[in-house]
A.B. asks: 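First the structure, which I've put down as structure tokens, then a few questions once you've had a look.
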Amino acid sequence: MKLAIGNDHAAVEMKQEIQKYLEEKGHEVINIGTDSAERFDYPISGYKVAKLVSSGEVDGGVLICGTGVGISLAANKVKGIRACVCSEPYTAKLSKQHNNSNIIAFGARVIGIETAKMIVDEWLSAEYEGGRHQARIDMITEIEETQKLAAD
Ligand code: RB5
């Protein structure tokens, strides 16, 4: 797969390790995050990865900051993005199967590197199940596009 990865200063080492891990598994990984310990505002990485995903230039995105929260919040402001913060692999897998997540996020100050690897493995190997889940995804899209929900 072709993936984009982004991070802030809190997650440089984990980003580098995850990028290497994904490349060793045969994925192409575009690094748009920082590789410096200098303060780096996470919305920049969240936005850039989200745009690459929403435009279809990459198949998915991985975002890492201290907690995974700020960077995923920024990504979720881009239309069509479903970025999910996970601290364990079960949620990562279900976020793809049920929520069709197109970005996975986690926190370098929250989980260790082995859990991070398990999260990306589960997320990348899971498939969106569609079916009954699609109506809910459509409702999320409706909120995003109209700021309303007809079913409310
Ligand atoms: C940076 O100190 C920290 O706030 C950031 O990495 C992230 O955890 C924000 O959600």
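One-based numbering, in listed order, for ligands and for the atoms of each. Since we're looking at a predicted model, the values are computed, not measured.
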A.B. asks: Is there a side-chain contact between His9 and Glu38 in this structure, where contact means two heavy atoms from C-beta onward sitting under 4.5 Å apart?
C.D. replies: no
A.B. asks: With a cut-off of 4.0 Å, which atoms of ligand 1 are near a heavy atom of Ala10?
C.D. replies: 6 (O)
A.B. asks: Distance to 0.1 Å, residue and atom name: give those for the protein heavy atom nearest to atom 2 (O) of ligand 1.
C.D. replies: Arg109 NH1, 3.3 Å
A.B. asks: At less than 4.0 angstrom from any non-hydrogen atom of Asp8, what atoms of ligand 1 do you find?
C.D. replies: 1 (C), 5 (C), 6 (O)
A.B. asks: Do the non-hydrogen side-chain atoms of Asn102 and Ile81 ever get within less than 4.5 Å of each other?
C.D. replies: yes
A.B. asks: Quick one: look at Cys65 and ligand 1, take heavy-atom pairs under 4.0 Å, and tell me if it's side chain, backbone, both or neither.
C.D. replies: both
A.B. asks: Taking the side chain as C-beta and beyond, is there a heavy-atom pair between Asn7 and Met14 under 4.5 Å?
C.D. replies: no
A.B. asks: Look at atom 9 (C) of ligand 1 and say which protein heavy atom is nearest, naming residue and atom and giving the distance to 0.1 Å.
C.D. replies: Tyr42 CE2, 3.5 Å
A.B. asks: Please identify which atoms of ligand 1 are closer than 4.0 Å to at least one heavy atom of Gly70.
C.D. replies: 9 (C), 10 (O)
A.B. asks: Mind checking whether Arg39 has a heavy atom under 4.0 Å from ligand 1?
C.D. replies: no
A.B. asks: Any idea which protein heavy atom is nearest atom 8 (O) of ligand 1, and the distance to it?
C.D. replies: Thr67 N, 3.0 Å
A.B. asks: So Arg82 and Ile137, do their side chains get closer than 4.5 Å, heavy atoms only?
C.D. replies: yes
